[in-house]
Amino acid sequence: MAKPQPHALFLFLLLLLVNACHPSHQNQNKISLNDLAALAAIKDSLTDIPGSNFLSAWDFTSPDPCSTFSGITCSLNRVTILTLGTGLSNTPGLAGFLSPSLSNLTELTQLILYPGIVTGPIPPQLGRLSNLRVLSLTNNRLKGPIPSSLSSLPNLHTLDLSYNQLTGSIPAGLFTELAQLKVMILASNQLSGELPRMVSAEILHLDLKDNKLTGALPLRLPSTIRYLSASKNMMRGPLNGLQSLSELEFLDLSMNQFSGPIPSSLLRPTLSSLFLQRNNLSGGVPSPSPPPPSMYGEGSIVDLSHNFLTGELSPVLAAVETLFLNNNHLMGRVPEEYVKSVYGGSTNTLYLQHNYITGFPLEAGLALPDTLSLCLTYNCMVPSVGLMGCPASAGGQLSRPRPQCVVFNNGRPIP
């Protein structure tokens, strides 16, 4: 048998090297065929709104979609993050609908749809994406119900379906079956029905504002929750379920039909943003016992206006920077703690108009801060201060008619 010539052996080795450095076209396609087919279906279901060019980069003749397709991140030839749209304020986003083929991207950990005019339902097939941690489909025109299949996503951390046109009730499983869920934002839809009696998911951030929800708050909410908003709904009942929420920093239940007393545990400096206005709350402004160890600080805001709060004002809210207590049935003299807070600059806005207050003890010889907004009109007193800071809704009447004041202040006349 003849031995190979040296030059022939050299050419053979060179050919092997060339093939190693330049793989075939099939190997150049650094993405799985299943994911590539899913992306093709997704592109067919969406289109750029004029002024957007997001999908123009999706060229299926590209040898490496993972590095050339906009909005795609890959790992080990699989799509792990899909961001549809740029999210930039100067781009109008996408139109079309969400393809059920999204569920074929089985390694997805994040699916994000930026603002646009995408319509149609949320595909229930998304419940198959067992690795999904973030599902954000905000500021579009998605319609129909929230698929109950989303309760099957074992690793879901963040669910944001806000600012769409979703209808129907919220699947109870979102509150009870998602052990990893920390953020749920369903604000500004048309969701209806009642919330479950118990929320077992250890949620940190829950935003349900501006829907059509009815019924009461859950009897038990997770102690982990720090942000809770259910404003602009049609919810009713007492606030008892909030008493144990010691980590709560932001609470907005305004513009509902909640009734009964305000739990004293809600009036604490660590809950620095409290919005309970325009409900049917009654009773007095309670004082926590024992008193909180610290005072309200910069940026704090409490709005208890437009309720049916009665009795004399307790000092508990004296250091709140922005405080709205107007349009209630509060009576008696304003505690000196509020006056000192106003003079000292801790409180910049204090609205007490439309109550039955009989006095605001000014400190003789001291001028009020120029930046102060103080409104005391339409009470059982003739205010000498607090006129310039009143909103237009306060009206032009300085004090209440005397007969009203006699009823609410046990016969005490206007000073």
Side-chain angles (χ1 to χ4, degrees), residues 82 97-113 120-138 140 142-231 233-237 241-242 244-245 247-248 253:
L82 178 58
F97 64 93
L98 294 177
S99 171
S101 294
L102 286 162
S103 64
N104 293 331
L105 300 175
T106 55
E107 293 300 316
L108 270 187
T109 61
Q110 297 184 39
L111 174 57
I112 299 170
L113 173 65
I122 298 173
Q125 294 86 345
L126 297 184
R128 302 173 188 169
L129 297 174
S130 59
N131 295 304
L132 201 62
R133 286 183 50 79
V134 176
L135 178 59
S136 178
L137 312 173
T138 67
N140 278 273
L142 299 174
K143 300 179 180 179
I146 298 174
S148 59
S149 60
L150 299 185
S151 303
S152 303
L153 298 171
N155 294 298
L156 193 64
H157 176 282
T158 299
L159 175 65
D160 188 351
L161 307 178
S162 58
Y163 295 93
N164 281 289
Q165 300 170 14
L166 300 173
T167 55
S169 59
I170 303 172
L174 296 183
F175 296 100
T176 59
E177 298 177 19
L178 298 175
Q180 302 300 317
L181 189 67
K182 296 294 183 286
V183 177
M184 187 193 302
I185 306 175
L186 306 178
S188 298
N189 281 284
Q190 299 173 27
L191 299 169
S192 58
E194 299 186 8
L195 301 180
R197 292 177 63 83
M198 303 292 178
V199 176
S200 56
E202 295 185 348
I203 297 176
L204 301 176
H205 185 114
L206 178 60
D207 191 346
L208 306 172
K209 68 174 174 284
D210 197 12
N211 279 287
K212 299 179 180 179
L213 299 174
T214 56
L217 289 170
L219 291 176
R220 191 184 73 184
L221 287 159
S223 59
T224 53
I225 196 164
R226 298 178 182 175
Y227 181 107
L228 174 59
S229 177
S231 65
N233 280 283
M234 297 178 286
M235 300 182 69
R236 61 179 65 245
L242 304 174
S244 61
L245 303 183
E247 300 297 316
L248 202 59
L253 300 178

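Just so we're clear, the structure is a prediction, and the values are computed from it rather than from any experiment.
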Measuring from atom [atom1] of [X] to atom [atom2] of [Y], what distance do you get when rounded to the nearest 0.5 angstrom?
X    : Y    : atom1 : atom2 : value
L159 : L186 : CG    : CG    : 5.5 Å
L135 : Q110 : CG    : CD    : 11.0 Å
I185 : T138 : CD1   : OG1   : 8.5 Å
L191 : T167 : CG    : OG1   : 7.5 Å
I122 : L102 : CD1   : CG    : 11.5 Å
L228 : I225 : CG    : CD1   : 4.5 Å

Quiz item: Given the rule in the side-chain contact (heavy atoms from CB on, under 4.5 Å) test, do L161 and L142 qualify, once you have shown the distances and angles that lead to the verdict?
Solution: CA-CA 9 Å; L161 307 178; L142 299 174; 5.8 Å; no

Any side-chain heavy-atom pair of [X] and [Y] under 4.5 Å:
X    : Y    : result
L242 : L221 : yes
H205 : R226 : no
M235 : L217 : yes
L137 : L98  : yes
I170 : L208 : yes

Quiz prompt | V199/L206 under side-chain contact (heavy atoms from CB on, under 4.5 Å): CA gap, chis, key distance, verdict | solution = CA-CA 11 Å; V199 176; L206 178 60; 5.7 Å; no

Practice problem: Flag yes if more than 12 heavy atoms outside K143 fall under 6.0 Å of its NZ atom; otherwise flag no. | Solution: no

Exercise: identify the closest heavy-atom pair between [X] and [Y]:
X    : Y    : value
P171 : S151 : CB-OG, 4.2 Å
L248 : Y227 : CD1-N, 4.1 Å
I203 : K182 : CG2-O, 3.5 Å
P124 : S149 : O-OG, 2.6 Å

Please check if the side chain of [X] supplies one atom and the backbone of [Y] the other of a donor-acceptor pair under 3.5 Å.
X    : Y    : answer
N155 : L132 : no
N164 : S162 : yes
T224 : L204 : no
S152 : G127 : no
N131 : L108 : no
S169 : S192 : no
N211 : N189 : yes
S200 : T176 : yes

Self-check item: Selection residues 197-211 - residue pairs positive for salt bridge (charged side-chain N to carboxylate O under 4.0 Å, His left out), sequence neighbours left out
Solution: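 Sorted pair list: D207-K209.
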
Practice problem: For a side-chain contact (heavy atoms from CB on, under 4.5 Å) with L150, tell me which candidate from L156, L174, L129, L178 qualifies. | Solution: L174

